[in-house]
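Residues: numbered from 1 along the sequence shown.
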Amino acid sequence: MRPKMSITNLLFFFLFVGWGCLLPCAASGQDVPEAIVFRAPEGVYIRWPGHAGSDFDGYRLYRSVDGGGLEPVHDGLLQITLSWDEIRARAGRLQGALYLTLFGVQEEIRDIGPQERAAILSEPESVGFVGLMSVTQPVIGELLGETYVDHQVPEQASSVQYQVTLVHQGSEKVHARTSTLNPAAYDSVPGVDSLQAHPRNGAAMLSWEKNRDHLRSGEVTSYNLYRSASMIGPFERVNTSGILPLDISSGEQLTASDRQTHLDRFLENGQAYYYHVRGVNSFGLEGGPGEVVMVIPGDPEPPPAPFSLDAEVFGAAVRLQWEYPGLRPVKGFEIYRSGSRDSEFSKVFPLTDIQLRSEMRQWIDLEAQPGEASYYYLRAVGTNGLHSRPSDTLSYFYVDLVAPAPPQGVVAIPDTARIIIRWQPNNEPDLLGYEIERASDPALTSRYLLGKLNAGGIQTTLVTDTFFVDSVPVQSRTTHGYVVYALDRSMNRSRPSAMATARVVDVTPPSVPAIYELSHSDNEIFLRWGAVPEGDLYAYRIYRAIDDSTRFVFHSGGFEPHFRETVTAQGTYYYQVSALDSTGNESPPSQTVWVEVSDGPPPPPAAGQAIRDNGRIEVSWEASPSAHVVGYFIQRRNLETDRLVDIGETDAFTTFFRDHFAPSGNSFVYLVRARDGRWRMSQPLEIQPVSP
């Protein structure tokens with residue numbers, strides 16, 4: 001007789017074909033199935049597949065310790081439980097009644113008869129379904145006699161192996177066995193990740209990821225969901241029986257999904273609930289708790305949006321005010337702000353959900369800057385956690401009525417045909433820029449507002465830097481006075497700064513220096529010239545050209561009338577000197593002097609070695625320290641004949657050579673020379689003799 005359940009075939013196909021065989025069976029091609037084990041501190045759990053047939057008395061479990069002989073683990077036989085009293089005592093009334101249903105006992109609570117036992121165990125599909133239920137409801141496996149917990153594993157055992165035999169009329173046949181295992185290497189039930197909770201009206205929809213590898217292996221066969229009214233517990237189990245890792249549509253069709261779902265009903269709207277989920281293996285053992293998530297059941301409809309949003313200046317800040325229709329209860333309001341209508345809005349309140357208050361109808365923006373426009377919109381947050389649509393967007397310009405402080409530290413610096421005015425930056429947050437006025441009359445009272453061309457080529461008086469360059473005729477000898485004003489974005493103008501004065505200095509360059517000494521020794525060049533007589537001398541400038549007397553570039557500068565430098569490259573070095581005064585006037589260059597710098601051949605490589613290897617000689621050396629080396633030249637000298645043979649050359653980056661043609665039976669010395677681009681050779685590096 002087969003259990004009368006309309007989705008039996010679907011369940012059997014989904015869990016045993018679609019998800020893999022959770023318990024190994026002989027049909028897999030093995031002569032003796034392998035039993036499932038789970039090692040825990042309290043003992044070793046063993047499960048084996050049920051026998052398809054009623055022609056047996058029960059099972060017997062044997063144990064081998066450290067490779068020794070098999071010894072029985074228990075007294076008597078492990079048999080299918082048929083007595084209702086024993087079923088109820090071991091499984092309870094609810095799961096006991098489910099167990100009776102598997103054997104076709106549906107109308108009444110009673111013992112399972114021999115014919116009912118034989119009918120179920122003789123039909124392979126029924127045996128498979130009973131085996132399925134024993135995996136998802138582990139207590140059924142105990143009632144079937146297919147599970148045992150070995151609490152008596154010897155403490156000193158380093159390895160154990162179990163064997164299950166099928167007993168019939170006193171004879172035994174091997175039914176299943178385990179692999180050899182270390183009983184002290186405890187197993188663990190995998191955790192469950194990515195728990196999510198979504199509010200429903202009077203309920204919460206929970207979902208989590210189903211790890212298919214864990215389900216296929218039997219490490220996880222069902223789930224237990226736990227709920228608490230507090231983050232720290234206590235947590236109580238929600239489900240009365242294990243939550244099976246499958247989904248069934250309304251048409252009783254199984255659907256594959258990567259996430260498991262469970263609807264927890266009969267909850268109170270507005271009350272916070274906390275959940276975590278644990279995986280359960282085929283022995284009914286739980287894994288550790290996963291992450292805790294919170295959900296507040298409530299009305300699935302979002303709240304209406306706030307309206308009548310308004311703003312006003314409030315001290316040194318901006319205060320927002322709004323109204324709410326009150327059609328649905330809310331936890332509070334979220335406020336979003338942007339610097340422009342088209343820019344991205346950022347949430348500025350609340351920083352945490354603890355700040356949400358249902359009665360809140362105003363908020364003060366302490367970060368609003370005077371002279372700046374701000375854009376705001378609000379969203380209501382319902383007690384169900386849902387957000388309303390955004391309110392209308394409000395634009396508000398924070399008008400500043402206080403003028404900035406006058407600029408400080410104004411100085412006027414005379415320069416050639418110009419005067420540079422500098423000042424310290426004004427730290428007003430709404431600063432727009434600066435304006436500069438110039439007074440040129442003898443009393444410095446008649447002021448003229450200076451202007452310049454902006455980036456668009458338009459004349460403007462606004463300066464956004466902290467300096468201004470006033471162009472003055474070269475021949476001017478007038479003393480000019482300058483004051484600076486600060487302007488903010490609300491067009492408030494500060495009082496004038498303190499006046500700074502300056503006049504254009506002379507524009508006559510110093511005398512031309514005359515070079516009277518040029519010497520060269522050991523790559524060092526020394527240059528000396530006569531000092532110029534002007535008292536406003538600022539510095540001398542040395543110009544240099546190499547191998548081309550028409551391309552001088554600035555090379556160095558100093559106050560003393562001499563110059564010394566060390567050069568590393570050969571060539572012709574040309575020099576000119578000019579004088580620079582404190583106003584920036586520079587004299588014409590002096591006469592041109594030059595000197596030839598030549599260098600000798602490069603230094604040789606530093607060290608090397610020669611090693612005989614597999615019929616050839618490996619010659620290697622350290623690179624020459626000269627930057628002018630472009631390659632190396634290698635020679636071989638026969639110590640018996642003193643004959644010197646050129647055998648090869650390399651580039652500057654290759655510091656080894658393989659000599660494949662060295663005659664056998666002779667001793668050699670290798671000579672390595674560095675060369676530059678002009679084929680000037682260094683002294684040879686002699687590398688130690690290589691014996692035959």
Taking every heavy atom of A157 against every heavy atom of P183, the minimum-distance pair comes out as O-CG, 3.7 Å

*Hey, are Y223 and N239 close enough side-chain-wise for a donor-acceptor pair under 3.5 Å?*
no

All heavy atoms of P297 vs all of A203, minimum pair found to be CB-O, 3.4 Å

**Report entry** Y376 vs L320, side chain to side chain contact (heavy atoms under 4.5 Å, CB included): CA-CA, chis, key distance, verdict
**Finding:** CA-CA 9 Å; Y376 302 91; L320 303 182; 3.5 Å; yes

| message | Do K210 and L215 have side chains that approach each other closer than 4.5 Å (heavy atoms only, starting at C-beta)? | response | yes

Residues pairing under salt bridge (charged side-chain N to carboxylate O under 4.0 Å, His left out) where one sits in residues 160-185, two or more places apart or in two chains, turn out to be R60-E172

Taken in chain and number order and not counting sequence neighbours, the residues that satisfy ring pair (Phe, Tyr, Trp, His ring centres under 6.0 Å) with Y274 are none

Exercise. Would a distance-only check, ignoring hydrogens and angles, find a side-chain to backbone donor-acceptor pair under 3.5 Å from Q355 to T352?
Worked result: yes

L378 side chain near L309 side chain, heavy-atom distance below 4.5 Å: yes

**Prompt:** Is the shortest side-chain N to carboxylate O distance from K331 to D353 below 4.0 Å?
**Reply:** no

Taking atom CD as the centre, does E367 end up with more than 12 heavy-atom neighbours from other residues, nucleotides or ligands that are less than 6.0 angstrom away? no

**Request:** Please check if atom CD in E236 has more than 12 non-hydrogen atoms from other residues, nucleotides or ligands closer than 6.0 Å.
**Result:** no

Quick one, Q163 and V32 - any side-chain contact, counting heavy atoms below 4.5 Å? no

> With under 30° as parallel and over 60° as perpendicular, where do the rings of F38 and F283 fit, or are they tilted in between?
Replying inline: tilted

In terms of side-chain heavy atoms, does N182 have a donor or acceptor partner in S159 at a distance below 3.5 Å? no

Rounded to the nearest 0.5 angstrom, the CD1-OG distance for I36 and S282 is 4.5 Å

| message | Given 3.5 Å as the limit, does a donor-acceptor pair link the side chain of S126 with the main chain of S122, or not? | response | no

Exercise. Inspect the surroundings of CG in L77 and state if more than 12 heavy atoms from other residues, nucleotides or ligands are less than 6.0 Å away.
Key: yes

- Report yes if some heavy atom in the side chain of Q271 is under 4.5 Å from a heavy atom in the side chain of N269; otherwise report no. no

Nearest heavy-atom approach of S388 to P306 is OG-CD, 3.9 Å

### Query
Can you tell me if S340 uses its side chain to pair, donor with acceptor, with the backbone of S343 under 3.5 Å?
yes

- Message: A quick test of your reading: do over 12 heavy atoms of other residues, nucleotides or ligands sit less than 6.0 Å from CD1 of I232?
- Response: no

Distance col, row L195:CG vs L225:CG, nearest 0.5 angstrom, shows 7.0 Å

Of all heavy-atom pairs linking A197 and M294, the shortest is CB-O, 4.4 Å

**Message:** Once you measure the plane-to-plane angle for F345 and Y377, does it fall in the parallel (<30°), tilted (30-60°) or perpendicular (>60°) bin?
**Reply:** tilted

* Asked: Under 3.5 Å, is there a donor-acceptor pair between the side chain of Q260 and the main chain of I243?
  -> no

Q | V220 vs N211 side-chain heavy atoms within contact, under 4.5 Å | A | no

Review point. Does CZ belonging to R90 count more than 12 external heavy atoms closer than 6.0 Å?
Key: yes

Practice problem: Check the pair L100, W84 against side chain to side chain contact (heavy atoms under 4.5 Å, CB included), reporting the backbone distance first and the verdict last. | Solution: CA-CA 8 Å; L100 292 182; W84 166 247; 3.6 Å; yes

| message | We want to know whether H151 and E42 form a side-chain donor-acceptor pair, criterion being a heavy-atom distance below 3.5 angstrom. | response | no

Residue set satisfying salt bridge (charged side-chain N to carboxylate O under 4.0 Å, His left out) with R278, at least two apart, ordered chain then number -> none

Worked verdict on E142 versus S134 for side chain to side chain contact (heavy atoms under 4.5 Å, CB included): CA-CA 8 Å; E142 298 178 18; S134 72; over 6 Å; no

**Request:** Verify side chain to side chain contact (heavy atoms under 4.5 Å, CB included) between D150 and R63, making sure each step is shown before the conclusion.
**Result:** CA-CA 9 Å; D150 184 6; R63 177 183 61 216; 2.7 Å; yes

CG of D111 to CG of D85, rounded to nearest 0.5 Å, is 7.0 Å

Is there a donor-acceptor pair closer than 3.5 Å between any side-chain N or O of D310 and the backbone N or O of Q321? no

Between A91 and G96 the two heavy atoms that sit nearest each other are CB-N, 4.1 Å

Run the salt-bridge test on R110 and E116 with the 4.0 Å N-O cut-off and return the result as yes or no.
yes

- Item | Under 3.5 Å: donor-acceptor pair, side chain of R39, backbone of V44 | no

Report task. Count the heavy atoms of every other residue, nucleotide or ligand shown that sit under 6.0 Å from CG of D55, and state whether that count exceeds 12. Result -> yes

So NE2 of H214 and OG1 of T221: to nearest 0.5 Å the spacing works out to 13.0 Å

So, does S207 use its side chain to make a donor-acceptor pair with the main chain of T261 at under 3.5 Å?
no

*Within the side chain of R341, is there an N or O that forms a donor-acceptor pair under 3.5 Å with the backbone of S338?*
no

State whether the side chain of H74 and the backbone N or O of G76 hold a donor-acceptor pair below 3.5 Å, judged by distance alone. yes

Ignoring hydrogens and geometry beyond distance, is a side-chain donor-acceptor pair present between Y45 and N281 at under 3.5 Å?
no

The reported gap from CZ in R237 to CD in E286 (rounded to nearest 0.5 angstrom) is 6.5 Å

**Message:** I'd like to know if the side chain of Q161 and the backbone of T178 have a donor-acceptor N/O pair within less than 3.5 Å.
**Reply:** yes

Exercise for review: Determine whether V280 and L285 make a side-chain contact, defined as any pair of heavy atoms from C-beta on separated by less than 4.5 Å.
Suggested key: no

Given side chains that start at C-beta, do those of V167 and Y59 come closer than 4.5 Å, heavy atoms only? no

Salt bridge (charged side-chain N to carboxylate O under 4.0 Å, His left out) filter on E344, not counting sequence neighbours, yields none

Is any side-chain heavy atom of W322 closer than 4.5 Å to one of F333? yes

Salt bridge (charged side-chain N to carboxylate O under 4.0 Å, His left out) filter on R200, not counting sequence neighbours, yields none

Notebook entry, point to check: Can you list the steps and then say if R212 with D258 is a salt bridge (Lys or Arg N to Asp or Glu O under 4.0 Å)?
Noted result: CA-CA 8 Å; R212 295 181 181 272; D258 290 331; 3.3 Å; yes

| Salt-bridge criterion met for K347 and E334 (N-O under 4.0 Å) | yes

Between the OH atom in Y336 and the OG atom in S391, the distance rounded to the nearest 0.5 Å is 11.0 Å

Nearest heavy-atom contact between T147 and R47 is OG1-CG, 3.5 Å

Lys NZ or Arg CZ of R117 over F56 ring: under 6.0 Å, within 45°:
yes

Sequence neighbours excluded, the answer for salt bridge (charged side-chain N to carboxylate O under 4.0 Å, His left out) partners of R658 is E618

